[in-house]
Protein chains: 2
Amino acid sequence: MARPSKKDQRRAEILAAFETCVARYGVEGATLERVAEEAGLARALIRHNVGNRDDVLSAFVETFLNRSTHEVDEMISELPDTKQIDTLIDWLFDPAYSDPKVVVIYEALTTAAANDADLAKKLRKWAREFVAAINALLAKNHPRAKTKDLDAVAAGLTGIYFNVESMTLLGRMSDLREASKAAAIRLVQTLKT
Amino acid sequence: MARPSKKDQRRAEILAAFETCVARYGVEGATLERVAEEAGLARALIRHNVGNRDDVLSAFVETFLNRSTHEVDEMISELPDTKQIDTLIDWLFDPAYSDPKVVVIYEALTTAAANDADLAKKLRKWAREFVAAINALLAKNHPRAKTKDLDAVAAGLTGIYFNVESMTLLGRMSDLREASKAAAIRLVQTLKT
DNA sequence: TTATTTATTGTCAATAATGATAATATTAGA
DNA sequence: TCTAATATTATCATTATTGACAATAAATAA
């Protein structure tokens, strides 16, 4: 016997608007004013539905990292049965699959993490999970490779990939993307002895 | 017949304080108030010596990237005559040589570049120069390697290195640093056929 | 000493961001 | 229709940031 709650919907709208603002202005620049404007809501509704600025930030980080993890898992699960690593590299370095918005948000969060131990911990966990997923995939496709070698290649592959995504933000870097992809292929080939 | 100008000195103090603030609060968070506080100067002196906020930012980017380029050149020139690449990798992945302040500033600038075409251009130029320097060094040490292979390894090595520096900001990543170094060594070894 | 140039300080107005709370409007069920 | 829960709007105080300019202090050369 009451008016139906829109909190879930409003919360999603607010976090989506916050995401857009972080991508556009950075974490510090994502003010509640801008978020409200972007969401088409009164600022007081942010408080009503999510909370104060700290609440909004941590709620956003939570959903953003969960979504990223989920997307990575999904990508890996969609790999074909053969030539998994080749396909993985194709996908990782295909500019069509690169989402600049996600990249700039990840960059912005990393920057902010320099002064936010809690945020740093969450990002660390996320990054470790990514490397671990790549590592597991490499191990599956190179069952005879040593653990140390798998660790190195997984870390290297991740590094090359993350860096390419980061540099993509600067624009006009397609040649570097190509060269990085070639490096990734070379690196993986070192597992075939 | 006038009071001697301190503009050069003050300007340097202000840009150094701006650097500290960017590292601590990000580009958006480096307010002139904080910069003045950090520099121990009245805010009006920033205006007097450098200009408005945009002037301060572009002056800072200018000096920061120039200094970085210079430091890279210097590092390369200090490499021994033998085992240059091995030494390079030792230096690049030595945590003692990693300056978190520089890294977080580079991250912050990259984030800001997503909405600042001029800044993006400057960062692009800087990154390209870095890759080119690595490339030249590799070519010198592997004179029989093909250009394409050198391009790939230079891009990959740069990517692994930049990514490690970036992740260092998150703390507690020494294992990833070790694995990344091993990956860098593997990648370079692919040039020896 | 004086004139001139510069450094330094002080003050003001305008704008923006946040937190908080009161007041009003809306909707579903009793 | 009435009630209760919720959404939405309105408003206020506080603080932070910037830009601008006036006023004062300091230092050097003539």
Exercise answer: donor-acceptor pairs, residues 150-158 of chain A side-chain atoms, under 3.5 Å, sequence neighbours excluded:
| residue | atom | partner | partner atom | Å |
| --- | --- | --- | --- | --- |
| A/Asp151 | OD1 | A/Asn135 | ND2 | 2.8 |
| A/Thr158 | OG1 | A/Ala154 | O | 2.7 |

Just how far, in rounded Å, is P of C/dA17 from CG of A/Leu32? 9 Å
Charged N to carboxylate O under 4.0 angstrom, A/Lys122 versus A/Asp116? no
N/O (side chain, A/Thr31) to phosphate O (OP1/OP2, C/dA17) under 4.0 Å: yes
With the threshold set at under 4.0 Å for non-hydrogen atoms, list the residues of residues 6-26 of chain A touching DNA chain C in residue-number order. none
For DNA chain C, find the residues of residues 43-58 of chain A with a heavy-atom distance under 4.0 Å and give them by number; none if there aren't any. A/Arg43, A/Arg47, A/Asn52, A/Arg53
In whole Å, I'd like the distance from the CD atom of B/Glu28 to the P atom of D/dA16. 18 Å
Checking the side chain of A/Ser166 only, and the main-chain atoms of A/Phe162 only, is there a donor and an acceptor separated by less than 3.5 Å? no
Given D/dA7, is OP1 or OP2 found less than 4.0 Å from the side-chain N or O atoms of A/Ser5? yes
Rounded interatomic separation in angstrom, taking CD from A/Glu33 and C1' from D/dT17: 15 Å
Per-pair distances, 0.1 Å, donor-acceptor, side chain in residues 37-51 of chain A, under 3.5 Å, sequence neighbours excluded:
| residue | atom | partner | partner atom | Å |
| --- | --- | --- | --- | --- |
| A/Glu38 | OE1 | A/Arg24 | NH1 | 3.3 |
| A/Arg43 | NE | A/Glu33 | OE2 | 3.1 |
| A/Asn49 | ND2 | A/Leu45 | O | 2.8 |

Name all residues meeting the side-chain contact (heavy atoms from CB on, under 4.5 Å) criterion together with A/Asp99; count only those two or more places apart in sequence or in a different chain, and write none if there are none. A/Lys101, A/Val102
Taking atom CZ of A/Arg172 as the centre, report whether more than 12 heavy atoms of other residues, nucleotides or ligands fall under 6.0 Å from it. no
Qualifying side chain to side chain donor-acceptor pair (under 3.5 Å) pairs with a residue from residues 181-192 of chain A, counting only residues at least two apart or across chains: A/Asp90-A/Lys181, A/Arg186-B/Asp149, A/Arg186-B/Thr190, A/Thr190-B/Arg186
Side-chain donor or acceptor of B/Ser98 paired with backbone N/O of B/Pro95 under 3.5 Å: no
